[in-house]
Every structure is written in structure tokens, then in C-alpha cells.
Amino acid sequence: MDYTIAKGAFDIVPFEKEEEDKWRESGRWQYLETVLRKTADDYGFKEIRTPIFERTELFVRSVGEGTDIVSKEMYTFIDKGERSLTLRPEGTAPSMRAFVEKKLYAQSGLFKYYYLGPMFRYERPQAGRYRQYHQFGAEALGNTSPEQDVELIDMMWEIYRRLGLKNLTLCINSVGDSQSRSDYKKALLDYLTPFFAELSADSQDRFSKNILRILDSKDPKDKKILSQAPTILNYLHPESKSHFERVLQLLEGLNIPYKIEPALVRGLDYYNKTVFEITSGELGAQNAIGGGGRYDGLTAALGGPDLPAVGFATGIERLLQTMLKQNAPFPDPPHPFIFLIPLGTKGLEFCFPLLCRLRHEGIPAEMDFSAKKIQHGLSLANALSAEYAVIVGDNELSSNRTAVKNMQTRESEDVSLEALFAYIKKLLDRKRG
Ligand code: HAM
């Protein structure tokens, strides 16, 4: 029997010893989630939560049959009712499914949504690539304007700025409208046909299924052949071209540096016009911390109204790993303000109600329940980084006085037991200003 964690998954725990594992500490996740939600609030995006599993056909239809995600990476299973279900590999298709199914388009106001949660892809696990991983994503519907594309890119860029990340590269491209794409596909086909026999097996397979996907190939020989391939930017029709130019102009206006990457087509089929990815030099092979683009036809394809849309998603694991590598700041973890050290039964009788009362007042408090040894209590207070410690044993109870010890300065203040609660409260009020 093997009861260990499944391959490609990981636990998020309060403390990790090794520096390289610190990204799995739950306090860091909570901090990140707070920043993500606050940024979403500031940009006017509302949360949408969808199930972890969906009907398989949702992803086949939206992400696309010829993509690696659908053809190789989905966790698909048949349930007891003979339905084919899939653990969501990404969040755009489920949120659009919910948008259509719940008729959110009938509401007044803006259609701007975000999600945060686990996603699943059966990939070969390695640093920065997991089988259960997490995304924060944002999607905006209803606008064709380039400003809408840039609102999303700016939001992504702002998240990274708030988190203190540096040296990121925004790669951007346009995959055009369907007419531009079909012209380009023809040109790519003409170019690749003489090289067909030299292409990798995967690319040969994609040649007839979805030729654009060949541009995703990581195979070195394919990459060499592709280096001379025609680029989509030369095939953009006027409307797509001016849309792209306006997006770039808006980015310049916001001082967001970008790199045009004509081979960037992204690994999902629903995109049109703008596509983008943000990479970090710190991440090695799995260097994309986020990506997105415009996907105007998706809501109609899912049976809803034909609304234009644009969005992005960022990988939480890669974000945290980049933050740690760049020494980005994290807030101090919560710790007890006061640590009570009772000695003996009487001390315990005095301290336990006090502990509860302090907490009811919103004062972070902790206590040594063993109530036996001062040293045990003090080392626990130290381990938890408590700010103050109080000892209450028989001596303190008979003299009705105790010392409130500042764990940092080692200074202590003598206080009567009746005044203890008020004194601690005053200390905290003073600290909080
Ligand atoms: P994606 O590029 O496939 O886009 O994924 C977004 C991000 O999720 C990646 O940039 C990466 O940081 C992270 N990620 C993906 N797979 C893994 C993995 N196996 N392990 C760790 N991190 C991973 C999408 O999913 C689109 N739905 C984004 C989007 C939203 N487009 C429009 N709206």
C-alpha cells in the first residue's frame, strides 16, 4: 500500500523548512489571495465559482480537440451514470458555460468576472508544472474595443507590480480574425509542406488537424523549420491590424513594455485577435506566469449570445515561486500578541477564561495548556513569536500580581491580576495606534 500524495500534487502547509519549498506555505497563499481579490475589486471584477468537474464536451468544444490539453492532458472519467466528466484543466470554458447557463448576460451592468482555484492537467510534473495547480483568472465580456484588451493586460501587470515582481516580459501577438487566420493557415501549409517528412510525429499529426498548433511545438527540429515560417502579423486583415496597433499604442501610453512575438499562438483554440503571455526569467523551462487573450466566438459556440470577450489567467504556484526567487516581500505571519503561562491547576483556572476573553475581544492570544513548567511555556511563546508572555502560578495568585514580559526587549511590567485584561488591551491599542 502507498498512502503518499499522488504524483504531480502538493500540500499547502503552515511551515516548510527548505527555502525552495517556501512557496507551499499557506500564509503566503492567503496573502497572495488577498492581493488578487483586492485587485479584482479595484478593477470591478466579481467572483464566479464553478464546479471542479464539467462535462467533457465543454472542454473539447472550447479548448479544442487538437490541443495538448484536450488530446493528452485531461483527467477524464466516466461516472456511475455513464457520463463523461473532466476535472477542469482551465477556468475560461467553465466560467463562460456558467455565464450562458445562468443567463448572466440578462443582468444590467458590466460582465466582468474572476475566479481562483485548482485546475488539473495530466502533464509530466517538474518544477513549476503540476497536475493539480491553481489559477487566478479574469474575464470581461461585451466589448470589442482595444481598451478592453488593455484593461485586462494592465490588471495582470498591476497584480505583479503589487506583489513586488520585477523583470517580467509581456509577449504579445495577434492571431487575427477567422479570415486572417485562414489566409495565414494556407501560407503556413504551403511553407511546411516540403518539410512534412522532417516534422516531429506530433506536428505531422497537427498538420492536418490544426496546423496553427505546430507553432506551439517544443521540438528543436520543428523549431528550426519554424524559424523561417511566415508570420501571422503579415496576414492580418485591416480591422484586426488596426485593433492590434491600437492595443500596442495603449500599452505604450501606460508604460507597459512589450515584446511582439509573432509565433505566440497559445495552447488553446478559442483565441482571436490579441494573445499575450507574461514570462519570468526566474522560472526556467516553465517560464509563463500568466497568459490570455481575446476569444470573441466562445459564448456563441456554447449556445449563448454572441458576445466578444477577453481574459487572462495567472498560475499561483509560478507567481509564488517567482516572488520568492526575487525576494519579494511577504507580510509577517500572524502570531500571538500575548502568551499565557499558567502553572498548576489554579493557574489554569485563572488563565483559561482570560484566554477566551482576550480572543473574544479580537486579541490574538495563546496559552501553554500543559501548565507545568515556566521554561516549557517560555520556549513555546518564543517558538510562536508571541510579543508578550505572562506567568500565573501560585505565587502570582497569592500576591495577586504578575509580570507582563516583553519577549523582545525582555523588560517586564508589574500588573495586578484584576487589571491584567485591561492592561493587555491597552498595550495592543497602543501598538495598533
Ligand atoms: P494557460 O496559459 O493555459 O491559459 O494557463 C494560464 C497559466 O496557468 C499559465 O501561464 C501558467 O502560469 C499556469 N499553468 C498552466 N498549466 C500549469 C501547470 N500544469 N502547472 C502549473 N501552472 C500551470 C489558460 O488557462 C486560459 N484559460 C487563460 C485565459 C483566460 N485566456 C482567456 N481568459
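Keep in mind that what you see is a predicted model, and the values were worked out from it rather than measured. In each ligand, atom 1 is the first atom listed, and ligand 1 is the first ligand listed. In what follows, every heavy atom counts, from backbone to side chain, and hydrogens, waters and symmetry copies are set aside.
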Centroid-centroid under 6.0 Å between Phe207 and Phe196 rings: yes

Close approach, Gly128 and ligand 1, non-hydrogen under 4.0 angstrom: yes

Close N or O approach (Thr314, ligand 1; < 3.5 Å): no

Short side-chain donor-acceptor distance under 3.5 Å, Asp177 and His243: no

Pair Phe339 and Tyr388, ring centroids less than 6.0 Å apart: no

Closest protein heavy atom to atom 12 (O) of ligand 1, given as residue, atom name and distance to 0.1 Å: Ala288 O, 2.9 Å

Atom 22 (N) of ligand 1: the protein heavy-atom neighbour that sits closest, reported with distance to 0.1 Å: Tyr133 CD1, 3.4 Å

Heteroatom distance test (Ile69, ligand 1): nitrogen or oxygen, under 3.5 angstrom: no

Best match, Glu90, Arg121, Glu73: closest heavy atom to atom 3 (O) of ligand 1: Arg121

Any N or O of Tyr130 closer than 3.5 Å to N or O of ligand 1: yes

contact_flag Gly290 ligand 1 heavy-atom lt 4.0 Å: yes

Proximity of Trp23 and Tyr133 rings by center, below 6.0 Å: no

Close N or O approach (Glu317, ligand 1; < 3.5 Å): no

Polar contact flag for Tyr115 and ligand 1 (N/O pairs, less than 3.5 Å): no

Ring centres under 6.0 angstrom apart (Tyr114, Phe45): no

For ligand 1, the portion of Phe312 having any non-hydrogen atom under 4.0 Å away: backbone

Ionic contact status for Arg88 with Glu54, cut-off 4.0 Å: no

Pairs meeting criterion side chain to side chain donor-acceptor pair (under 3.5 Å) with involvement of residues 201-211, two or more places apart: Asp68-Arg206, Lys72-Asp202, Ser200-Ser203, Ser203-Asp222, Asp205-Lys209, Asn210-Asp269

Ligand 1 N/O within reach of Ala138 N/O, cut-off under 3.5 Å: no

Residues forming a side chain to side chain donor-acceptor pair (under 3.5 Å) with Glu139, sequence neighbours excluded: Thr92, Tyr115, Tyr295

Sub-4.0 Å atoms of ligand 1 with respect to non-hydrogen atoms of Tyr271: 26 (C), 28 (C), 29 (C), 31 (N), 32 (C)

Rounded distance (nearest 0.5 Å) linking atom CD1 of Ile338 with atom CE of Met367: 12.5 Å

Nearest candidate to atom 18 (C) of ligand 1, where distance is taken over non-hydrogen atoms, out of Glu139, Glu277, Glu123: Glu123

